[in-house]
Amino acid sequence: MSRSNAAHRTVRDIDMIALAREYGTPLYVLSESSIEANYEHYRAALAAVYDDYLICYAVKANTTFAIIKLLSERGAGADVASEYELQIALDAGIPPAKIRANGNCKSDKYLTACIQLGIVINADPEAELAVIDELARELGAEAKVNLRLAGFPLASITAPAITTSSAWSKFGIPIRRAQAVFQQVVAREHLVPHGLMVHLGSQITDITAYQRVCETLISLAREANALGFAVHELNLGGGCGISYLNRDEWTAVKRAIADPQTVTTWANKPLGYNCAGDWESEELFCPFTPDRFIQQLFTERLSGGKSFKEHLEELGSPRVVIEPGRSIVGNAQVTVVQVGHVGTTPEGHNVVHVNAGVQLHSQNLIVPEQLHHVEIAGSTSESSERFETFIAGNLCFTGDLLYQIKYPLQGRPKRGDYLIIYDTGAYADFFAATTNSFPRPAKVLVTKSGETRLVVQREDVHGVFQRDLDWRAHSAARFGYQRPVEQ
Ligand SMILES: Cc1ncc(COP(=O)(O)O)c(C=O)c1O
């Protein structure tokens, strides 16, 4: 979302302090217009270059019914990663034909539902093919499969924890096994070859990584077709990056981390750098937007001189599927948290303590060097000098840090101030849990007409403890709490 106005309290004309007071903090605030605009950029760019495409929103990025419904109404499909994500996608009205089923350890229940509904399964790993074939046989049905591939010779394209297509990946069928697997699928009675799939990873900011993978996919598709595995679809997964900081801000952060004279990172670790001193993590500035990404990917010449689009046409124009998550919702949400204390570490480094643990800002659990623009809402700070600080959550472990890189706040905050953390729409509540028995936060949607609507409610004490049956029995006796036990 665009950064707040000069008074540092409104985002998209909505007063963040008023919202925080009404709904409590931590609070996620989503923008319907931003989500719609991001989707529309993809759609228009694809429609301009290629006829047969499908955009499947990666439901895991922000699993909120209002978002999935909005995208469903715009014509989007869904990438789902469990039977539960499948359920919410179907509930939001996404037709099975527009759903792609992912996951490297799918349950029989999930696979069965996909087979019965005719949903294309991105098979992963190779051993899953036999499982799908057997389940389809038992159901007297056929299962459509894409082969999710990995083992591409890609150097560092994003943080290792979210690189999902290189040599060290728990996902996918190794490309060196491709021919044998094409033959295997063709030979299995209950499998119907559908296409090839790859998901490079997340927060990819180098388009050439996609281009190299697309070249390989094109030649694999040719081989597959020749072996009787008809490729109707090339699924490029998600991964398109977004900008969390502008180019200069990000360059300065990387330079500061590398500078041995200053303590910029928690425990002075060279976060993001490998031992050779090379950057080996996410880039938090992305030089392209979804529309430019699509335009370049389809039209720029690849190494053989032809564009991806021309190669696709030679292949008979298979459907191109993309599964964007972060680039649809990432910049469409802010998190509002409240400051409890401003203190220092024993060595004297500033720490702002806020009322949200890192489980509610989950990207930092996956990639510690993740950084977001953050502002004090309302400029109630005591001094107007920049205040370089780490930001810690409220959980009982030292690693509970929302910012492991010092961030220059616009002033020193004080207890009770609210901080607005920007661009938290993707994967912020990915690991949301009731850690330390804190409730999971509410989500408020700012609608296109500028109204606010509570779309996810904050948990109450019952929500936090309801799975504990003895607590339920006890609280039912004491407080009259009598929710039925779900089977
Ligand atoms: C298979 C698959 N597709 C799509 C996505 C979405 O990726 P992103 O949010 O980076 O676009 C993911 C997330 O990692 C994924 O695992």
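Numbering of ligands and ligand atoms starts at 1, following listing order.
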Visitor: So is there a nitrogen or oxygen of Arg326 less than 3.5 Å from a nitrogen or oxygen in ligand 1?
Guide: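 N/O-N/O distance under 3.5 Å: yes.
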Visitor: Return a yes/no value for Gly237: is any of its N or O atoms, backbone included, closer than 3.5 angstrom to an N or O of ligand 1?
Guide: no
Visitor: Taking the six-membered ring for Trp, is the centroid-to-centroid distance between Phe298 and Phe308 below 6.0 Å?
Guide: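 Aromatic pair counts; centres sit under 6.0 Å.
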Visitor: Identify, by atom number and element, the atoms of ligand 1 in contact range of Arg148, meaning under 4.0 Å from any of its heavy atoms.
Guide: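 With Arg148 as reference, the close atoms of ligand 1 come out as 1 (C).
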Visitor: Identify the closest protein heavy atom to atom 9 (O) of ligand 1: which residue and atom is it, and at what distance?
Guide: Tyr427 OH, 2.5 Å
Visitor: List every atom of ligand 1 that sits less than 4.0 Å from any heavy atom of Asn102, numbering the atoms from 1 in the order shown and giving each element.
Guide: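 This gives 1 (C) as the contact atoms.
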Visitor: Would you say Ser327 has any N or O atom under 3.5 Å from an N or O of ligand 1, going by distance alone?
Guide: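 It does not: no N or O of Ser327 is found under 3.5 Å from an N or O of ligand 1.
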Visitor: Look at atom 3 (N) of ligand 1 and say which protein heavy atom is nearest, naming residue and atom and giving the distance to 0.1 Å.
Guide: Glu323 OE1, 2.7 Å
Visitor: Under the salt bridge (charged side-chain N to carboxylate O under 4.0 Å, His left out) rule, what do Arg212 and Glu215 come out as? Steps first, then yes or no, please.
Guide: CA-CA 5 Å; Arg212 276 175 283 145; Glu215 280 177 325; over 6 Å; no
Visitor: If the cut-off is 4.0 Å to any non-hydrogen atom of Pro324, which atoms of ligand 1 fall inside it?
Guide: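 This gives 11 (O) as the contact atoms.
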Visitor: Both conditions, 6.0 Å and 45 degrees, for the charged tip of Arg319 above the ring of Tyr53: are they met here?
Guide: no
Visitor: Verify, without hydrogens or angle tests, whether Glu249 (side chain) and Asn246 (backbone) share a donor-acceptor contact under 3.5 angstrom.
Guide: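 Between the backbone of Asn246 and the side chain of Glu249 there is a qualifying donor-acceptor contact (under 3.5 Å).
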Visitor: Return the residue, atom name and 0.1 Å-rounded distance of the protein heavy atom closest to atom 5 (C) of ligand 1.
Guide: His199 CE1, 3.4 Å
Visitor: Checking side chain to side chain donor-acceptor pair (under 3.5 Å) against Asn235, which of His199, Glu323, Arg100 comes through?
Guide: Glu323
Visitor: Are the side chain of Asp429 and the backbone N or O of Ala432 linked by a donor-acceptor pair below 3.5 Å?
Guide: no
Visitor: Below 3.5 angstrom, do we get any N/O pair linking Asp79 and ligand 1?
Guide: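 Asp79 vs ligand 1: N/O contact under 3.5 Å present.
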Visitor: For atom 8 (P) of ligand 1, which of the options Cys56, Gly241, Gly239 provides the nearest non-hydrogen atom?
Guide: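 The option holding the nearest heavy atom is Gly239.
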Visitor: How far is atom 10 (O) of ligand 1 from its nearest protein heavy atom, and which residue and atom is that?
Guide: Ser202 OG, 2.4 Å
Visitor: Within the structure, does Cys240 bring an N/O atom to less than 3.5 angstrom of an N/O atom in ligand 1?
Guide: no
Visitor: Is the closest heavy-atom distance from Ala426 to ligand 1 below 4.0 Å?
Guide: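 Flag not set, Ala426 not near ligand 1.
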Visitor: Is the number of heavy atoms from other residues, nucleotides or ligands within 6.0 Å of OH (Tyr84) greater than 12?
Guide: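 For Tyr84, atom OH is not crowded (no more than 12 foreign heavy atoms under 6.0 Å).
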Visitor: For this output row, return yes or no: ring centroids of Tyr244 and His372 closer than 6.0 angstrom.
Guide: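 Ring centroids of Tyr244 and His372 are less than 6.0 Å from each other.
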Visitor: Do you know which two heavy atoms are closest between Ala113 and Leu86, and how far apart they sit?
Guide: CB-CD2, 3.9 Å
